[in-house]
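What you see is a predicted model; the values in this text were computed from it and never measured. Both ligands and their constituent atoms are indexed starting at 1 by order of listing.
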Amino acid sequence: MSNIHPNFIAGDWRNGATSLENRNPSDIDDLIGIYACASEEDVRSACLEAANAQSTWYDAGPQVRSDVLNRVATGIEQRAPEIARMLAREEGKILSEATAETQRAAHVFRFFAGEALRVHGEFIASVRSGVDIEVAREPLGAVGLITPWNFPIAIPAWKVAPALAYGNSVVLKPAELTPGTAHLLARIIADAGVPAGVFNLVMGPGASVGAALVADPNIQAISFTGSVPTGRAISQHSLNGMKKVQLEMGGKNPMVILEDADLSVAVAATLNGSFFSTGQRCTASSRLIVQASIHDAFVEELTRQMLALKVGPALAAESQVGPVVSQAQLDSNLAYVALAAAEGCDVVGGERLDGSGRGYFQRPALFLGATSSMRVCQEEIFGPCASVIRVEDFDEALWVANDTPFGLSAGICTQNLRYAREFRRRVQSGMVMVNLPTAGVDYHVPFGGRKNSSFGPREQGRAAAEFYTSSKTSYLFSG
Ligand code: NDP
């Protein structure tokens, strides 16, 4: 059992009753490590200890919390090469992307170290004489955080950091495909001196470990990032337990290319938004909505650059696109490539790249001649695949952009200020990018979407206080 990476519960590293192998999607013969799975009893214990430890953590005050978060940021920076390598190995992101994600996680902890010192309230004059009113923000208690595999350190960071900054305690359940990065983060948090029970890590499958966390009566709130079906189920269970809930889910993000766009800017933004990180981003551009007059020139140049992308192992210096994360995700992507052809698209790329079975490599794909109602234009694929929809003018482009059950990030490439402004105002999404990729966001501003993409308050930046605190209005009469 000694080579099994344990869970972290109440300040102790504890082995679970079972464990899971963590394998490298660039080379499935590479066993990264074996990670403990928490039992239901482990989850119960973590939640109870978190609930017991929370008030002491809150009472310790903002300076203590800020100092701990700053030490976590420093710990991430000091171990960045090791974390980035682990991330690339277990998730398949190329090393430069994994390094950038790791740096972002450090920035997030540094930002919330500052926010811990800036918890504001309000003093309001009462309508009654002699009465003062104060509106304060208080922590919720013990919170459960459930994270996906596609940003194995950034998403845990942007949930754990605000939760701790505002005085909550935490039970983190990372995705079973990427426990290694979360485990390294847990080591750093433990080494930063967080008191026992304030931060807990429980690893293992969502259906058992995640579900037990959502059901636990000691957990006051759940923050989840992942797919729509899981999010919907979690929200129903959370509401049954009257827990506060925040969901960040998928996207079917439009990138509109108007005829006056700078072609090189549009191609660069699309190449990045659609295919970098193997398209495994909730903010990926998966619908390219192109005005007819620029369509052929845009498609020709995008196709040329897409087919030139070097797909290969995440740790190889020459790779520009890493592997798909798992066999199941690759099977799903390939099924969507076949569906695109069956729905009448002209498919460019999209095939599995090596027949050896050692890595899950897929050539990026464009689905040309798509129409908005096709399944490939409506369902999230979560792989390196983008549909191209030809439109006549701006009004049609805007209509197609909004013709989706999702509303996370939307982009437009244009040099026309009027269209840029109109798009910003009328597109139904939580984030809008003008002449920028739909993916790639700053860490200090609100993140989230509309429709099926998000539920509950926004994450990140100062907006995070809305979810991780509760408002208390108190009245005082001095007699
Ligand atoms: P899942 O919804 O399958 O999983 C997300 C997390 O939930 C994982 O930790 C998973 O555990 C856990 N989980 C699964 N079932 C349950 C359950 N019944 N109760 C509690 N927890 C559960 O999504 P993926 O990890 O496969 O991530 C890909 C999806 O996430 C895509 O659809 C993508 O769009 C979305 N996503 C959205 C983002 C956003 O910010 N909007 C960001 C990133 C991804 P385990 O995996 O261990 O089973």
Side-chain angles (χ1 to χ4, degrees), residues 18 20 22 35-38 40 43 90-91 93 101 144-159 171-182 201-216 219 222-238 240-241 243 245-253 277-286 324-330 332-333 336 379-383 404-409 429-431 438-441 443 446-456 458-460:
T18 56
L20 277 173
N22 183 11
Y35 290 80
C37 291
E40 279 191 26
V43 176
E90 70 175 354
E91 199 271 351
K93 219 166 260 190
E101 186 183 331
L145 310 179
I146 299 176
T147 55
W149 47 261
N150 68 333
F151 283 93
I153 192 156
I155 295 179
W158 81 52
K159 293 185 192 295
V171 181
L172 170 66
K173 207 284 309 167
E176 65 191 289
L177 282 175
T178 54
T181 316
L201 175 76
V202 290
M203 298 175 289
S208 53
V209 180
L213 180 58
V214 172
D216 196 280
I219 294 294
I222 295 286
S223 178
F224 163 85
T225 301
S227 62
V228 174
T230 308
R232 187 171 283 129
I234 285 179
S235 70
Q236 281 159 0
H237 290 300
S238 299
N240 280 343
K243 294 184 196 335
V245 64
Q246 173 185 59
L247 310 172
E248 288 297 343
M249 298 168 287
K252 193 71 190 172
N253 308 290
S277 300
T278 323
Q280 296 176 149
R281 298 187 282 196
C282 49
T283 48
S285 316
S286 51
V324 172
V325 73
S326 65
Q327 183 71 57
Q329 187 67 50
L330 179 62
S332 167
N333 294 353
Y336 274 112
E379 298 173 13
E380 182 174 52
I381 298 173
F382 220 57
T404 164
F406 295 102
L408 190 58
S409 182
S429 67
M431 296 172 291
T438 54
V441 293
Y443 64 85
F447 176 94
R450 291 163 65 167
K451 303 199 249 183
N452 285 359
S453 291
S454 299
F455 182 84
R458 290 282 185 264
E459 298 201 82
Q460 301 199 55

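Evaluated by nearest non-hydrogen atom to atom 16 (C) of ligand 1, the leading choice among T147, I234, T230 is T230. Of the options G226, A233, C282, the smallest heavy-atom separation from atom 35 (C) of ligand 1 is shown by G226. Considering only non-hydrogen atoms, atom 41 (N) of ligand 1 lies nearest to M249 out of Q280, R281, M249. For atom 19 (N) of ligand 1, the candidate residues are G250, G206, G251; the nearest heavy-atom contact is made by G206.
Annotation for ligand 1: atoms under 4.0 Å from non-hydrogen atoms of F447 are 40 (O). Less than 4.0 angstrom separates some heavy atom of P148 from each of these atoms of ligand 1: 25 (O), 27 (O), 43 (C), 44 (C). Shown in contact with N150 at under 4.0 Å from a heavy atom are these atoms of ligand 1, numbered in order with element: 43 (C), 44 (C). Listed by atom number, the atoms of ligand 1 under 4.0 Å from I146 heavy atoms are 6 (C), 7 (O), 9 (O), 12 (C), 20 (C), 21 (N). Taking every heavy atom of G204 and a limit of under 4.0 angstrom, the matching atoms of ligand 1 come to 47 (O).
Residue A211 places a heavy atom under 4.0 Å from ligand 1. Under the 4.0 angstrom criterion for non-hydrogen atoms, F224 is in contact with ligand 1. The shortest separation from a heavy atom of S454 to ligand 1 is not under 4.0 Å, leaving the residue out of contact.
By the criterion of a heavy-atom distance under 4.0 Å, both the backbone and the side chain of T225 are placed next to ligand 1.
Of the protein's heavy atoms, K173 NZ, 3.9 Å lies nearest to atom 10 (C) of ligand 1. Of the protein's heavy atoms, G210 C, 3.3 Å lies nearest to atom 20 (C) of ligand 1. Of the protein's non-hydrogen atoms, W149 NE1, 3.0 Å is the one closest to atom 26 (O) of ligand 1. With respect to atom 34 (O) of ligand 1, the closest heavy atom belonging to the protein is E380 OE2, 2.7 Å. Among protein heavy atoms, the minimum distance from atom 28 (C) of ligand 1 is reached at F382 CE2, 3.6 Å. Protein heavy atom in closest approach to atom 2 (O) of ligand 1: S227 OG, 2.6 Å.
Under the rule for a side chain to side chain donor-acceptor pair (under 3.5 Å), the partners of S227 that lie at least two apart in sequence or sit in another chain are T230.
Residue pairs that meet the salt bridge (Lys or Arg N to Asp or Glu O under 4.0 Å) test with at least one member in residues 147-156, sequence neighbours left out, do not exist here.
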- Task: Give the C-alpha distance, both sets of side-chain angles, the deciding distance and a yes or no for side-chain hydrogen bond (donor to acceptor under 3.5 Å, both in side chains) between N150 and Q280.
- Result: CA-CA 6 Å; N150 68 333; Q280 296 176 149; over 6 Å; no
- Test S454 against E248 for side-chain contact (heavy atoms from CB on, under 4.5 Å), laying out the working first. CA-CA 5 Å; S454 299; E248 288 297 343; 2.7 Å; yes
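Under the 6.0 Å distance and 45° angle rule, K93 counts as a cation-pi partner of F151.
Using a 4.5 Å heavy-atom threshold, the side chains of E91 and L177 count as separate.
Exactly one of M431, R450, R281, K252 qualifies for a side-chain contact (heavy atoms from CB on, under 4.5 Å) with L408. That residue is M431. Between I222 and the choices H237, K173, K243, the side-chain contact (heavy atoms from CB on, under 4.5 Å) rule is met once, by K243.
Using a distance-only test at 3.5 Å, with no hydrogens or angles considered, no donor-acceptor pair links the side chain of N452 to the main chain of F406. Counting only distance, with no hydrogens or angles, the side chain of Q329 and the backbone of F382 share a donor-acceptor pair below 3.5 Å. Judged by distance alone, the side chain of E380 and the main-chain N or O of G251 form a donor-acceptor pair under 3.5 Å.
Atom CD of Q327 has more than 12 neighbouring heavy atoms from other residues, nucleotides or ligands inside a 6.0 Å radius.
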